[in-house]
S.K.: 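Right, I'll just put the structure down here and ask away after.
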Amino acid sequence: MSFVKRTIKCGELRRENIGQKVSLNGWVAVRRDLGGLIFIDLRDRWGIAQIVIHPEESPVLAERAKPIRSEFVMWATGTVRERESKNMKIPTGEVEVLLEDFGIINPSELPPFEILNDLDVNEELRLKYRYLDLRRPYLQEKFLIRNKLYQIVHKYFYENDFVEIETPVLMKSTPEGARDFLVPSRIHKGKFYALPQSPQIYKQILMVSGFDRYVQIVKCFRDEDLRSDRQPEFTQIDCEMSFVEQDDILTMFEGFLKLVWKDILNQDVQIPFQRMPYKEAMERYGSDKPDTRFGMEIETLNDLLTNSEFQVFSQTLADGGIIGGLKANGCGAYSRKQLDNLTEFAKKYGAKGLAYIKLNEGQISSPIAKFLSDTEMQSIIDKFDAKDGDLILIISDKWTRAYTILGALRLEIARLQGIFDAVKDKYNFLWVVDFPLFEYDEEDNRYVAMHHPFTSPKLEDLEILDENPGKARAIAHDIVLNGVEIGGGSVRIHDNAVQQKMFSLMSIGPEEAKDKFGHLLDALKYGAPPHGGIALGLDRMVMLLTGIDNIRDVIAFPKTTSGLSLMDNCPSAVDTKQLTELGVGVLQK
RNA sequence: GGGGUCGUAGUUCAGCUGGUUAGAAUGCCUGCCUGUCACGCAGGAGGUCGAGAGUUCGAGUCUCUUCGGCCCCGCCA
């Protein structure tokens, strides 16, 4: 099919082009037939051009244009002229192209939904016809920003002596961490490759190799359940640096993020970012990824209630737990129904109950009032400096759970009170540091690495590793923006003896360690430089840069929350022949 | 693995305690219309009510099963 190639893009037409003869290529956005006058809007990636036909002056052209419908692909040639009535809402709105000749390059069936920006259509349908959905400027903008981010990554890290190196997509399955996607080997039947959860081990080995600084925009795969911010395959900006301490890594990435926010949003963010220990983040915000754009901080009330006769509190304290609270400004008039909803919300996070104190119309009311002395009640109110019209929420539980519930309540109150709307233009970057090295896994009855097994303990905590591994802290860092974890990393262990020690604390025997991580352990024996790094979630960064809260809108071909691709219908069944070749059988349910 | 919610013209939705022929808007088709840009006006076509089973004289509506979308908990080093 031959066509006349464009001489200018639809979205580029301006006053300056008036008088020029131009050719356009694009999709028909809409056709407005006024009878004696026909307008056709032609759309490309850059915008929309209005084409005009006067049937009285060019009856043949008008007749030929009759079959043109939305989403037809066409070329059009004509002369640019000033519009009689201008549309100042679009950049091309002062001019139009008086049609002289055109061709339909490809017709289109009637699309299942209109290609409109303010589209209100079921996501299921959008995903099935993803190519049409992606035609919408609203979505294209996201990918143009995503593309800008790629370019900044290449430029910034190249200028800072990083080397881009590709690591394998077929790799060894690592049992720690998320569930692996597996790929059966045809040549070695019964054996499997795994898709990387991250190129962690490879990038550490590249440091041993002496590349000094590594960066890669890389796909990672985790076979876990999906969420609005989690896809089974996602993209990381993965980095590693040699001969550095934690501070060097943080500084390098502050520079990067500052540049990104400047180049893409023209926002000046202040560096260095605030750094907050994990313990403080939990005790003040109830989260390891605190949204610091607003206050409403958690208070720990243990000191006020040491002699409490309320059994729920005294038992919690006796068990070493905490009693914590949160003041919700202006929520003192919450109804029974609203408070029940909050209680239900808290229960999702494992709360046994939710205590509250309402200060409303001069009255103090609380279901736990009868269990508290006047002094205790007053001390709690004073602690929060609570005023009439406020609501205090109280949770007592084990340390982690209590703060986690309070942190969730804090965000829920912020949502209910419209606080997020009020702070939506703020960008609060924050480093969370000093994470625990280990978490205790109740199911397996052993310690597991909170970050990953190659994370270095803080030097001053080395000596408590033996008697109290749960107390040891890691040289790990998460970068948090507005309550979203956009990346994390650590300084790694570069000493084989320390690495072996870590495995033994995690009840991974020498044989098992050798079998699973032998190649890294071997590499560490041949002169490993001190090194560390970080990986940023590129998809989540794009979400924040574009102000949307759904990761599917920044991924060209995403999966649904059940892991299906509705456009190409995968995963799908395969021939028995294929399975046989791979030495794989399928269990019948 | 668990919880919540949704599924009705192409699309977005309405459809009460079960009761005639399942509606609206928009899109689509036809006609009219010379400055529209969400064009306007008139007319028309368009439905296995996600699928299956059950209760009932009668099911879009009630029950069960199942498929799918979205959100959350668990999970996600």
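Each chain gets a letter, A, B and so on, in the order its sequence line appears, and its residues count up from 1.
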S.K.: For A:Arg81, which contact category applies under a 4.0 Å heavy-atom criterion: base, sugar-phosphate, or nothing?
M.R.: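 Base, at least one base heavy atom under 4.0 Å.
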S.K.: Using atom C1' in both nucleotides, what's the gap between B:G47 and B:U8 to the nearest angstrom?
M.R.: 8 Å
S.K.: Using the test side chain to side chain donor-acceptor pair (under 3.5 Å), find all partners of A:Ser490 that sit at least two apart in sequence or belong to another chain.
M.R.: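 Once residues adjacent in sequence are excluded, the partners of A:Ser490 under the side chain to side chain donor-acceptor pair (under 3.5 Å) criterion are A:Thr455, A:Arg492.
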S.K.: Would you measure the distance from the P atom in B:A38 across to the matching atom in B:G27 and give it in whole Å?
M.R.: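 Pairwise P distance, B:A38 against B:G27, rounds to 12 Å.
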S.K.: Within the 4.0 Å heavy-atom criterion, would you say A:Glu96 contacts the bases, only the backbone, or no part of the nucleic acid?
M.R.: base
S.K.: Which nucleotide, if any, forms a Watson-Crick or G-U wobble pair with B:G31, using both distances under 3.5 Å?
M.R.: B:C41
S.K.: Distance check, C1' atoms only: B:A45 and B:A9, in whole angstrom units.
M.R.: 11 Å
S.K.: Would you please name every residue forming a side chain to side chain contact (heavy atoms under 4.5 Å, CB included) with A:Tyr447, sequence neighbours left out?
M.R.: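 Listed in chain order: A:Phe438, A:Tyr440, A:Pro469.
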S.K.: In whole angstrom, what separates A:Glu94's CD from B:U36's P?
M.R.: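 Going from CD in A:Glu94 over to P in B:U36 covers 16 Å.
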S.K.: Using the side chain to side chain contact (heavy atoms under 4.5 Å, CB included) criterion, which residues pair with A:Lys86? Sequence neighbours excluded.
M.R.: A:Arg15, A:Glu82, A:Arg83, A:Met88, A:Glu94
S.K.: Give me the distance, rounded to whole Å, that separates B:U12 from B:U17 when you measure between the P atoms they each carry.
M.R.: 25 Å
S.K.: Check the angle between the aromatic planes of A:Tyr349 and A:Phe345 and answer parallel, tilted or perpendicular using the 30° and 60° thresholds.
M.R.: tilted
S.K.: Pick the C1' atom in B:C16 and in B:C62, then give their distance to the nearest Å.
M.R.: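 It works out to 15 Å between them.
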S.K.: Expressed in whole Å, how much space separates the C1' atoms belonging to B:C49 and B:A42?
M.R.: 31 Å
S.K.: Would you say A:Lys559 has more than 12 foreign heavy atoms packed within less than 6.0 Å of its NZ?
M.R.: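 Atom NZ in A:Lys559 is crowded, with more than 12 foreign heavy atoms closer than 6.0 Å.
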S.K.: If the condition is ring-ring contact (aromatic ring centres under 6.0 Å, His included), which residues does A:Phe39 pass it with, not counting sequence neighbours?
M.R.: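 Once residues adjacent in sequence are excluded, A:Phe39 has no partner under the ring-ring contact (aromatic ring centres under 6.0 Å, His included) criterion.
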S.K.: Is a donor from one side chain sitting under 3.5 angstrom from an acceptor on the other, for A:Thr92 and A:Gln50?
M.R.: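 No pair is found: no donor N or O on one side chain lies under 3.5 Å from an acceptor on the other.
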S.K.: So do A:Asp495 and A:Leu524 actually touch side chain to side chain, heavy atoms under 4.5 Å?
M.R.: no
S.K.: Report the distance from atom CD of A:Glu224 to atom P of B:G1, rounded to the nearest whole Å.
M.R.: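 Those two atoms, CD and P, are 13 Å apart.
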S.K.: Hey, is the side chain of A:Arg230 pairing donor to acceptor with the base of B:C76 inside 3.5 Å?
M.R.: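 Present.
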S.K.: Give each protein N/O atom lying under 3.5 Å from an N/O atom of nucleotides 37-41 of chain B, with the pair distance.
M.R.:
from, atom 1, to, atom 2, distance (Å)
B:C37, O4', A:Arg32, NE, 3.2
B:C37, O2, A:Gln50, OE1, 3.4
B:C37, O2, A:Arg83, NH1, 3.0
B:C37, O2, A:Asn87, ND2, 3.3
B:C37, N3, A:Arg83, NH1, 2.9
B:C37, N4, A:Ser85, O, 2.8
B:C37, N4, A:Lys86, O, 3.3
B:C39, N4, A:Asp33, O, 2.7

S.K.: A:Glu56 near the nucleic acid: base, sugar-phosphate alone, or nothing, with a heavy-atom cut-off under 4.0 Å?
M.R.: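 Since a base atom lies under 4.0 Å of A:Glu56, the category is base.
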S.K.: Output the rounded distance in Å from CG (A:Leu132) to C1' (B:U11).
M.R.: 13 Å
S.K.: Could you measure between the two P atoms, the one in B:U20 and the one in B:U65, and give it in whole Å?
M.R.: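 So the two P atoms sit 29 Å from each other.
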S.K.: Can you give the donor-acceptor pairs under 3.5 Å from side chains of residues 406-418 of chain A to other protein atoms, not counting sequence neighbours?
M.R.:
from, atom 1, to, atom 2, distance (Å)
A:Arg410, NE, A:Gly295, O, 3.0
A:Arg410, NE, A:Met296, O, 3.2
A:Arg410, NH1, A:Asp291, O, 3.3
A:Arg410, NH2, A:Asp291, O, 2.8
A:Arg410, NH2, A:Phe294, O, 2.7
A:Arg410, NH2, A:Gly295, O, 2.9
A:Glu412, OE1, A:Arg415, NE, 3.2
A:Glu412, OE2, A:Arg415, NH2, 3.0
A:Gln417, OE1, A:Tyr334, OH, 2.9

S.K.: In whole Å, what is the span from the CE atom of A:Met567 to the C1' atom of B:G68?
M.R.: 18 Å
S.K.: With RNA chain B as reference, determine whether A:His452 or A:Glu84 sits nearer its 5' end, using the nearest nucleotide of each.
M.R.: A:Glu84
S.K.: Could you give all pairs that pass the salt bridge (Lys or Arg N to Asp or Glu O under 4.0 Å) test and reach residues 112-124 of chain A, with sequence neighbours left out?
M.R.: A:Glu123-A:Arg552
S.K.: At less than 4.0 Å, is any side-chain N or O atom of A:Arg69 found next to OP1 or OP2 of B:C29? Yes or no.
M.R.: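 For B:C29, OP1 or OP2 has a side-chain N or O of A:Arg69 closer than 4.0 Å.
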S.K.: Show me the protein contacts with nucleotides 69-73 of chain B, counting only N or O atoms at under 3.5 Å.
M.R.:
from, atom 1, to, atom 2, distance (Å)
B:G69, OP1, A:Thr560, OG1, 2.5
B:G69, OP1, A:Ser562, OG, 3.0
B:G69, OP2, A:Ser562, OG, 2.9
B:G69, O4', A:Glu124, OE1, 3.2
B:C70, OP1, A:Thr561, N, 3.3
B:C70, OP2, A:Thr561, N, 2.8
B:C70, OP2, A:Thr561, OG1, 2.4
B:C70, O3', A:Arg552, NH2, 3.0
B:C71, OP1, A:Arg552, NH2, 3.0
B:C71, OP2, A:Arg552, NH1, 3.3
B:C72, OP1, A:Ser228, OG, 3.2
B:C72, OP2, A:Ser228, N, 3.4
B:C72, O2', A:Lys348, NZ, 3.0
B:C73, OP1, A:Tyr349, OH, 3.4
B:C73, OP2, A:Arg227, NE, 3.0
B:C73, OP2, A:Arg227, NH2, 3.2
B:C73, O2', A:Lys348, O, 3.0

S.K.: Are any non-hydrogen side-chain atoms of A:Ile217 and A:Thr235 less than 4.5 angstrom apart?
M.R.: yes
S.K.: Below 30° counts as parallel, above 60° as perpendicular, anything between as tilted: where do the rings of A:Phe454 and A:Phe503 land?
M.R.: perpendicular
S.K.: For A:Tyr138, does the six-membered ring have the charged nitrogen or CZ of A:Lys142 within the cation-pi criterion, i.e. under 6.0 angstrom from the centroid and within 45° of the normal?
M.R.: yes
S.K.: Under 3.5 Å, which N/O atoms of the protein pair with N/O atoms of nucleotides 44-51 of chain B?
M.R.:
none

S.K.: Rounding to an integer number of Å, can you tell me how far A:Arg222 CZ sits from B:C76 C1'?
M.R.: 7 Å
S.K.: Do any N or O atoms of the protein come closer than 3.5 Å to N or O atoms of nucleotides 4-10 of chain B, and which pairs are they?
M.R.:
from, atom 1, to, atom 2, distance (Å)
B:G10, O2', A:Pro112, O, 2.9

S.K.: Could you please name the partner base of B:A24, counting Watson-Crick and G-U wobble pairs only when both distances are under 3.5 Å?
M.R.: B:U12
S.K.: Sticking with atom C1', work out how far B:G1 lies from B:G60, rounded to a whole angstrom.
M.R.: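 Taking atom C1' in both B:G1 and B:G60, they lie 33 Å apart.
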S.K.: Does any donor atom in the side chain of A:Asp568 or A:Ser565 lie under 3.5 Å from an acceptor atom in the other side chain?
M.R.: yes
S.K.: Apply side chain to side chain contact (heavy atoms under 4.5 Å, CB included) to A:Tyr202 and list each qualifying residue two or more places apart in sequence or on a separate chain.
M.R.: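 Testing A:Tyr202 for side chain to side chain contact (heavy atoms under 4.5 Å, CB included), a comparison that skips the adjacent residues, returns A:Thr167, A:Pro168, A:Met171.
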S.K.: Taking side chain to side chain contact (heavy atoms under 4.5 Å, CB included) as the test, write out the residues that go with A:Arg473, two or more places apart.
M.R.: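 Per chain and number, A:Arg473 pairs via side chain to side chain contact (heavy atoms under 4.5 Å, CB included) with A:Asp434, A:Lys458, A:Glu460, A:Asp461.
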S.K.: Quick one: label A:Val448 by what it contacts on the DNA or RNA (base, sugar-phosphate, nothing), any heavy atom closer than 4.0 Å.
M.R.: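 Counting heavy atoms under 4.0 Å across all strands, no contact is made by A:Val448.
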